[in-house]
Amino acid sequence: MSAVTTETETETAAAPAAEPVLQASGVVMRFGGLTAVNDVDLTVRQGEIVGLIGPNGAGKTTFFNCLTGLYVPTEGTVKYKGRVLPPKPHLVTQAGIARTFQNIRLFANMTALENVLVGRHTRTEEGLFSAILRGPGYRRAEAESRERARELLEFCGLGAKADHLARNLPYGEQRKLEIARALASDPGLLLLDEPTAGMNPQETRAAEELVFAIRDLGVAVLVIEHDMKFIFNLCDRTAVLVQGRKIVEGDRETVQNDERVVTAYLGAPLEGTTAAQEDGQ
Ligand SMILES: Nc1ncnc2c1ncn2[C@@H]1O[C@H](COP(=O)(O)OP(=O)(O)OP(=O)(O)O)[C@@H](O)[C@H]1O
């Protein structure tokens with residue numbers, strides 16, 4: 001190789017070194033006699049969008065809860081950027097993992113901007129006294145937070161809705177607001193739990209673009225979805241959970257052609273497969 005390295009060569013050489021952002025190893029979650037998550041390993045690397053699919057009750061949300069400190073796994077470890085995560089949700093957020101929920105959890109009587117500001121608090125350093133005294137440090141931090149919150153609303157397509165109450169936003173926009181709020185904590189990894197549930201097809205396509213844009217910001221994404229077309233359009237890799245176990249993980253072809261996956265979905269071809277083939281993908 002020549003001594004002069006072009007930018008392209010540098011990028012190509014750097015690509016295989018993408019660091020793991022998330023490393024879940026041997027994660028088990030038991031509720032009494034029920035093993036909801038059974039010995040699951042999953043790695044998400046910098047720059048990746050990874051899908052997590054599986055039939056209802058497969059353990060997907062429980063696995064998310066294990067990653068975000070809502071549950072302490074019965075067994076196994078979860079590392080973020082090489083460090084074992086503390087099993088407390090606010091510490092996980094502080095470490096750099098943000099999430100959205102399957103059932104939207106916004107502050108209904110607060111504006112869109114205020115909801116994003118709430119998501120920002122883990123990144124503001126002004127303490128209680130500063131807040132009470134409202135000194136220059138506090139005012140500066142607050143102004144910066146507001147500016148960042150407005151940027152995030154703009155980024156998520158909600159720039160014109162900053163002053164609307166969350167409860168008055170259409171469902172699809174509430175989902176986007178959840179994403180804006182999650183991004184406010186400046187995560188390195190974003191976990192999305194069924195981000196397109198209740199969205200119409202146009203909103204779903206727009207959500208796809210938003211997830212690509214988030215990845216392009218340098219945020220790795222792990223997404224649970226039942227919409228297979230969404231998953232296969234978006235994800236570099238997809239893992240399939242069935243009855244708590246990861247039965248397969250790979251690219252679109254690997255997952256779609258795996259007989260165990262087809263069987264798990266009651267023998268029906270995976271939804272989205274036909275559309276994808278028609279697209280010639
Ligand atoms: N807190 C809990 N206590 C007892 N059982 C639970 C608890 N949370 C989840 N479960 C059980 O664990 C299993 C996995 O549930 P989970 O919600 O993780 O599945 P899922 O794949 O996310 O399903 P869905 O696609 O329907 O959201 C289910 O049998 C569920 O009833």
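Every number for a ligand or one of its atoms is a count from 1 in the order of the listing.
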* With distance as the sole test, does Glu209 use its side chain to make a donor-acceptor pair with the main-chain N or O of Ala206 at under 3.5 Å? -> no

* Arg45 bridged to Asp236 by N-O distance under 4.0 Å -> no

* Asked: Among Leu70, Thr35, Thr62, Val37, which one has a heavy atom closest to atom 9 (C) of ligand 1?
  -> Thr62

* Per-atom contacts, ligand 1 versus Ala36 - under 4.0 Å to a heavy atom -> 12 (O), 13 (C)

* Of all the non-hydrogen atoms in the protein, which one sits nearest to atom 10 (N) of ligand 1, and at what distance? -> Phe31 CE1, 3.6 Å

* Asked: Is there a donor-acceptor pair under 3.5 Å between the side chain of Asp41 and the backbone N or O of Gly26?
  -> yes

* Structure fact -> ligand 1 to His226, heavy atom cutoff 4.0 Å, flagged ligand atoms 25 (O)

* Asked: Can Arg181 and Glu178 be counted as an ion pair, charged N to O under 4.0 angstrom?
  -> yes

* Asked: Going by the atom numbers of ligand 1, which of them fall below 4.0 Å from some non-hydrogen atom of Tyr71?
  -> 1 (N), 8 (N)

* To do: Give the numbers and elements of all ligand 1 atoms closer than 4.0 Å to a heavy atom of Gln102.
  => 27 (O)

* Asked: Is the side chain of Thr111 donor-acceptor paired with the backbone N or O of Glu114 at a distance under 3.5 Å, no angle test?
  -> yes

* Where do Asp251 and Thr254 land on the side-chain hydrogen bond (donor to acceptor under 3.5 Å, both in side chains) test, with the steps shown first? -> CA-CA 5 Å; Asp251 62 14; Thr254 308; 2.6 Å; yes

* Could you pull out, from Ile53, Thr61, Asn56, the option with a heavy atom nearest to atom 22 (O) of ligand 1? => Thr61

* Flag the pair Lys246 and Asp39 as a salt bridge only when some basic side-chain nitrogen lies within less than 4.0 angstrom of an acidic carboxylate oxygen. => no

* Structure fact -> Note: Asn65, heavy atoms under 4.0 Å from ligand 1, region reported as neither

* **Sidechain N-carboxylate O distance under 4.0 Å for Arg30, Glu75** => yes

* Structure fact -> closest protein heavy atom to atom 25 (O) of ligand 1 is Lys60 NZ, 2.8 Å

* Asked: Below 3.5 angstrom, do we get any N/O pair linking Gly59 and ligand 1?
  -> yes

* Asked: Looking at Arg150 and Glu147, does any basic side-chain N land under 4.0 Å from a carboxylate oxygen?
  -> no

* Structure fact -> For Ala58, the ligand 1 atoms with a heavy-atom partner under 4.0 Å come out as 19 (O), 20 (P), 21 (O)

* Within the structure, does at least one protein heavy atom fall under 4.0 Å of atom 31 (O) of ligand 1? -> no

* To do: Could you find the nearest protein heavy atom to atom 29 (O) of ligand 1 and give me its residue, atom name and distance?
  => Leu34 CD2, 3.7 Å

* Determine, considering heavy atoms only, which of Gly244, Cys66, Gly57 sits nearest to atom 13 (C) of ligand 1. => Gly57

* Does Arg99 make a cation-pi contact with Phe101, if we ask for NZ or CZ under 6.0 Å from the ring centre and within 45° of the axis? -> yes

* **Polar proximity ligand 1 side, Gly54 side, N/O cut 3.5 Å exclusive** => no

